Amino acid sequence: MPLALLALAVGAFGIGTTEFVMMGLLPDVANDLHISIPTAGHLVSAYALGVVIGAPLLAAVTSRMSRRTVLIGLMALFVAGNVLSAFAPDYHWLLAARFLSGLPHGAFFGVGAVVATTMVAPERKARSVSLMFLGLTVANVAGVPVATLMGQHLGWRATFLGVGAIGLAAIAALALLIPHDRTAASETGLRGELAALKSLPVWLALGTTVAGFGALFAAYSYITPMLTDAAGYADSSVTLLLALFGVGATAGNLLGGRLADHSLRGTLFGGLLSLVAVLAVFPVLMSTAWSAAVAVVLLGSAAFVTGSPLQLMVMEKASAAPSLASSANQAAFNLANAGGAWIGGAALAAGFGVTSPATAGSALAVLGLAVAGAAYAVDRRRAPATSRGRLVASHVPQDAEAVRS
């Protein structure tokens with residue numbers, strides 16, 4: 001694996017840290033800016049909205065630019081958003097800065113995934129994407145806890161300055177390690193990128209992402225009350241348990257990348273089936289402290305096994321113009337975050353019990369399996385008879401062939 005993937009992972013680490021650290025900083029931000037915690041919670045939504053809008057928009061408007069230049073520019077925008085967050089004089093300025101911080105998120109992962117796959121042999125493409133995503137999962141293990149502690153001891157503004165410093169390190173790594181000859185712009189341009197989104201298989205792949213990761217966030221959004229009210233953990237133990245989720249996610253991400261290089265669709269179906277099973281038994285596992293800790297690890301593993309297969313599935317279905325579709329998959333991931341949290345909250349509000357969000361998540365994972373099955377059926381109908389039954393996807397972006405040396 002080329003060292004250049006480390007540069008993408010550093011950028012992903014910074015993005016993952018700033019995305020999730022706000023949850024731990026909400027009380028500090030609310031006290032400092034004299035707002036309620038529910039109002040401060042809108043800062044999380046503002047970031048997610050920036051991701052959903054910025055992912056397809058920035059990927060589209062930069063479609064004619066060198067992908068190396070795009071990645072550096074996106075990380076510069078990320079640094080600007082976090083520095084502005086650190087110096088925001090009031091709530092409304094911070095809200096705008098968080099939105100700005102979210103804009104480059106999806107496009108960075110989308111364009112980065114395309115660049116990663118051009119730097120390795122075809123049989124290692126899924127692993128290259130999983131190594132970039134490694135920065136995101138490691139952020140949940142180390143970045144978020146350290147950044148939260150920094151905010152609690154030095155103030156929340158110091159946290160965003162620290163994240164900005166990570167962004168600067170990522171810019172330096174991208175400039176030094178990403179080769180020019182592997183990042184040529186797509187020959188299709190904006191029109192070709194937009195045309196790729198008209199494909200039914202692309203939308204089915206995006207729908208699988210929304211349902212599959214919606215299942216994760218239906219449960220994960222309410223993991224704290226499950227751990228404290230059902231499993232009996234003290235509030236002070238939750239941070240360590242969430243780090244265990246990050247460990248599971250990291251392991252699942254690496255495993256999914258390796259398996260997907262052998263069978264892309266087989267890994268996707270296996271991961272979704274695992275997620276259905278884990279979420280179905282989640283209420284039982286939450287009955288004791290030790291089994292709840294195991295459940296948290298299993299949840300991270302089962303969910304993130306599907307991360308790189310889903311990313312590559314979208315890129316495969318839009319092989320002539322993968323950057324926009326790849327970035328749109330990151331927007332789908334954040335829609336899953338919002339939608340899954342809403343569905344899990346609805347289950348709680350209906351009085352079905354503290355572990356009911358996991359049951360709702362299991363139903364969403366079944367829906368993800370159904371959408372993935374529909375995508376498979378469409379592929380079989382469209383594929384030549386001689387190629388039917390193949391599980392290993394080529395997932396080689398067509399425009400990558402022009403830059404492979």
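Atoms considered below: every heavy atom in the structure, side chains included; atoms not considered: hydrogens, waters and symmetry mates. Not measured: the values here are computed from a predicted model.
The distance between the ring centers of F245 and Y220 falls below 6.0 angstrom. Aromatic pair Y47/H105: centroids less than 6.0 angstrom apart. Under the 6.0 Å cut-off for aromatic ring centres, F217 and Y222 do not qualify, their centroids lying 6.0 Å or more apart.
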Practice item. Kindly determine whether F333 and F109 satisfy ring-ring contact (aromatic ring centres under 6.0 Å, His included), including the steps that lead there. Key: CA-CA 11 Å; F333 180 88; F109 279 105; 8.6 Å; no
Exercise for review: Take L134 and T137 through the side chain to side chain contact (heavy atoms under 4.5 Å, CB included) test and state the conclusion after the steps.
Suggested key: CA-CA 5 Å; L134 185 63; T137 57; 3.9 Å; yes
Exercise for review: Step by step, work out the side chain to side chain contact (heavy atoms under 4.5 Å, CB included) result for V114 and M315.
Suggested key: CA-CA 8 Å; V114 176; M315 291 165 60; 4.0 Å; yes
**Study point:** Working for side chain to side chain contact (heavy atoms under 4.5 Å, CB included), residues M313 and T208
**Key:** CA-CA 10 Å; M313 186 75 74; T208 305; over 6 Å; no
Practice item. With side chain to side chain contact (heavy atoms under 4.5 Å, CB included) as the test, would you mind laying out the steps for L174 and L8 before giving the verdict? Key: CA-CA 7 Å; L174 291 167; L8 296 173; 4.0 Å; yes
Practice item. Report the C-alpha separation of H34 and Y91 in whole Å, then their side-chain angles, then the decisive distance to 0.1 Å, and conclude whether the ring-ring contact (aromatic ring centres under 6.0 Å, His included) test is met. Key: CA-CA 9 Å; H34 308 292; Y91 167 72; over 10 Å; no
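Closest approach of V378 to P201, counting heavy atoms only: CG1-CG, 4.2 Å. Scanning both residues, G257 and A126, for their nearest heavy atoms gives O-CB, 3.2 Å. Residues A260 and T267 approach most closely at N-OG1, 3.3 Å, considering heavy atoms. Taking all atoms of both residues into account, the shortest heavy-atom contact from M75 to A170 is CG-CB, 3.9 Å.
Taking CZ of F304 as the reference point, atom CZ of F133 lies at 9.0 Å (rounded to 0.5 Å). For the atom pair CG of L204 and OG1 of T209, the computed distance is 11.0 Å after rounding to the nearest 0.5 Å. Expressed to the nearest 0.5 Å, how far CG of L255 lies from CG of L259 amounts to 4.0 Å. Separation of atoms CE (M119) and OG (S128) is listed at 7.5 Å; rounding is to 0.5 Å.
Checked against R68 for a side chain to side chain contact (heavy atoms under 4.5 Å, CB included), the options L177, V115, I178 give a single hit: I178.
Scanning for side chain to side chain contact (heavy atoms under 4.5 Å, CB included) contacts around A96 gives an empty result, with sequence neighbours left out.
The closest side-chain heavy-atom distance from F282 to I223 is below 4.5 Å. Side-chain contact check for L161 versus F87: some heavy-atom pair is nearer than 4.5 Å. Contact of the T18 side chain with the F160 side chain is registered, since non-hydrogen atoms from C-beta on lie closer than 4.5 Å.
Taking a cutoff of 4.0 Å between a charged side-chain nitrogen and a carboxylate oxygen, D261 and R124 do not qualify as a salt bridge.
Side-chain contact annotation: S130 with S308, donor-acceptor N/O pair under 3.5 Å absent.
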